[in-house]
Amino acid sequence: MIEAVGLSKYYGDFAAVENVTFSIHDGEVVAFLGPNGAGKSTTMKLLTGYLAPSAGTARIAGFDMSSQRLEGARRLGYLPENGPLYLDMPPLALLRFFAEARGIPPAERAARIREVVELCSLEGVLGKPIGKLSRGYRQRVGMAQVLLHQPDVLIMDEPTAGLDPNQIHEVRETIRRLMDQNKTILLSTHILQEVEAMATRILFISEGRLVFDGSVEEVIRSGRPLDQWFREMTAVAEEAVAT
């Protein structure tokens with residue numbers, strides 16, 4: 001459902017992402033980890049077609065995101081970090097706008113909006129301007145709009161960044177409900193507790209290169225806490241690049 005084959009992005013001599021290859025199958029929930037500046041967001045933008053790769057191929061549900069982006073986008077929900085929202089609009093108006101923009105048939109729009117409002121627990125704020133909502137509610141509004149067209153694949157970049165513990169819990173519960181719907185999810189996060197709680201597999205990127213692809217259980221069996229493992233993986237990757 002998500003596939004990167006030799007994916008690379010260069011800016012002059014600088015390799016933001018280099019030769020990244022992995023595949024994520026139907027229903028998998030995969031955590032995408034790495035230190036700041038490692039290339040996580042760039043890789044996600046390449047996968048979703050927001051950036052054109054310098055080399056390699058990105059596919060969503062089998063569609064090449066360079067040559068078949070519209071077809072792939074119909075199967076994809078992408079929530080970037082600090083995703084753009086129209087702050088003067090209330091959530092209900094925003095969802096109606098995106099339902100029309102997505103080409104959802106008029107007869108289906110109201111039912112689709114009800115579904116995502118319930119899924120993301122937005123019932124109490126539908127009439128309030130988005131700019132007046134808490135960061136946690138804004139994140140849930142963003143999730144609701146990317147779910148409107150019922151995508152099979154979800155790519156989320158730091159969905160709980162900057163949230164307080166209560167807001168993190170609320171967004172995490174929304175993601176768990178999506179997991180129950182058997183969505184294929186690639187989740188970038190710096191909150192390592194989320195990895196244990198939600199993911200079955202980890203991709204670790206450092207200095208633009210994929211340095212680990214394995215199960216969460218494999219890491220836990222090593223006996224090291226995830227934060228210790230994260231530091232060790234970062235140090236090993238940096239040492240390999242330096243030499």
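Please read these numbers as outputs of a predicted model, since none were measured by experiment. One is the number of the first residue; the rest follow in order along the sequence.
Proximity of T160 to Q139: side-chain heavy atoms (C-beta onward) are nowhere separated by under 4.5 Å. Side chains of V20 and R209 form no contact here, defined as non-hydrogen atoms less than 4.5 Å apart. Using a 4.5 Å heavy-atom threshold, the side chains of L148 and E115 count as separate. Under the 4.5 Å side-chain criterion, counting only non-hydrogen atoms from C-beta, L85 is in contact with R138. Looking at T57 and S66, their side chains never come closer than 4.5 Å, going by heavy atoms from C-beta outward. Side-chain atoms of Y137 and R135, non-hydrogen and from C-beta on, never get closer than 4.5 Å to each other. Using a 4.5 Å cut-off on side-chain heavy atoms (C-beta onward), V216 and T200 make no contact. Between V195 and I202, some side-chain heavy-atom pair lies under the 4.5 Å cut-off.
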Working for side-chain contact (heavy atoms from CB on, under 4.5 Å), residues R172 and I191: CA-CA 11 Å; R172 195 179 292 171; I191 301 177; 4.0 Å; yes
side-chain contact (heavy atoms from CB on, under 4.5 Å) for V117 and L95? Distances and angles first, verdict last. CA-CA 9 Å; V117 164; L95 293 173; 3.8 Å; yes
Verdict with supporting geometry, L226 and V219, side-chain contact (heavy atoms from CB on, under 4.5 Å): CA-CA 7 Å; L226 271 174; V219 176; 3.6 Å; yes
Output, in order, the C-alpha distance, side-chain angles, deciding distance and verdict of side-chain contact (heavy atoms from CB on, under 4.5 Å) for R140 and S121. CA-CA 8 Å; R140 281 191 272 169; S121 302; 3.3 Å; yes
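Note on M233 and V17: separate hydrophobic clusters, where clusters join Ile, Leu, Val, Met, Phe, Trp and Tyr whose side-chain heavy atoms are under 4.5 Å apart, directly or indirectly. Cluster annotation: L187 and L119 are assigned to the same hydrophobic cluster (Ile/Leu/Val/Met/Phe/Trp/Tyr, side-chain heavy-atom contacts under 4.5 Å, transitive). Taken together through direct or relayed side-chain contacts under 4.5 Å among Ile, Leu, Val, Met, Phe, Trp and Tyr, L210 and L51 form part of one hydrophobic cluster. Linking ILVMFWY side-chain heavy atoms closer than 4.5 Å, directly or via other members, places V171 and L94 in a single hydrophobic cluster. One hydrophobic cluster holds both L122 and I104 under the rule that ILVMFWY side chains link at heavy-atom gaps under 4.5 Å.
Taking CG of L203 as the reference point, atom CZ of F22 lies at 5.5 Å (rounded to 0.5 Å). In this structure, L147 CG and R177 CZ are separated by 10.5 Å, a value rounded to the nearest 0.5 Å. Here T234 contributes atom OG1 and I205 contributes atom CD1; the two are 11.5 Å apart, rounded to the nearest 0.5 Å. The distance from the OG atom of S134 to the CG atom of D164 is 7.5 Å, given to the nearest 0.5 Å. Within the model, atoms CG of L163 and CD of E158 stand 10.5 Å from one another, a figure rounded to the nearest 0.5 Å. For the atom pair OG1 of T174 and CD of E170, the computed distance is 8.0 Å after rounding to the nearest 0.5 Å.
Annotation for E100: atom CD does not count as buried by contact number, only 12 or fewer foreign heavy atoms lying within 6.0 Å. Environment of CG in D88: sparse, with no more than 12 heavy atoms of neighbouring residues, nucleotides or ligands closer than 6.0 Å.
In this structure, M44 and L186 approach most closely via the heavy-atom pair CE-O, 3.9 Å. Taking each heavy atom of K9 and S54 in turn, the nearest pair found is CA-OG, 3.5 Å. When all heavy atoms of L178 and K183 are compared, the closest pair comes out as O-CG, 3.4 Å. Taking all atoms of both residues into account, the shortest heavy-atom contact from L7 to A58 is CD1-N, 3.9 Å. When all heavy atoms of A99 and R109 are compared, the pair lying nearest together is CB-CG, 3.9 Å. Listed here is the closest heavy atom pair of V141 and P91: CG2-CG, 3.8 Å.
Relative to the six-membered ring of F98, R102 misses at least one condition, a distance below 6.0 Å or an angle of at most 45° to the axis. Both cation-pi conditions hold for R69 and Y50: the charged atom is under 6.0 angstrom from the six-membered ring centre and inside a 45 degree cone around its axis.
By the ring-ring contact (aromatic ring centres under 6.0 Å, His included) test, F212 pairs with W229, sequence neighbours left out. Remark: Y86 pairs with F97 by the ring-ring contact (aromatic ring centres under 6.0 Å, His included) rule, at least two apart or across chains. Checked against side chain to side chain donor-acceptor pair (under 3.5 Å), S8 has no partners two or more places apart in sequence or in another chain.
Under a 4.0 Å N-O distance rule, the pair R221/E217 qualifies as a salt bridge.
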Under 3.5 Å, sequence neighbours excluded: what are the donor-acceptor pairs made by side chains of residues 149-157?
from : atom 1 : to   : atom 2 : distance (Å)
H149 : ND1    : V146 : O      : 3.4
H149 : NE2    : L76  : O      : 2.7
Q150 : OE1    : R112 : NE     : 3.4
Q150 : OE1    : R112 : NH2    : 3.4
D152 : OD2    : R75  : NE     : 2.4
D152 : OD2    : R75  : NH2    : 2.9
D157 : OD1    : S188 : OG     : 3.4
D157 : OD2    : S41  : OG     : 2.6

Indicate every side-chain donor-acceptor pair of residues 25-36 with a distance under 3.5 Å to a residue at least two apart or in another chain.
from : atom 1 : to   : atom 2 : distance (Å)
E28  : OE1    : H25  : N      : 2.7
E28  : OE1    : R201 : NH1    : 3.1
E28  : OE2    : R201 : NH1    : 3.4
N36  : OD1    : H190 : NE2    : 3.3

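Pairs engaging residues 48-66 under the salt bridge (charged side-chain N to carboxylate O under 4.0 Å, His left out) rule: E3-R59 [sequence neighbours left out].
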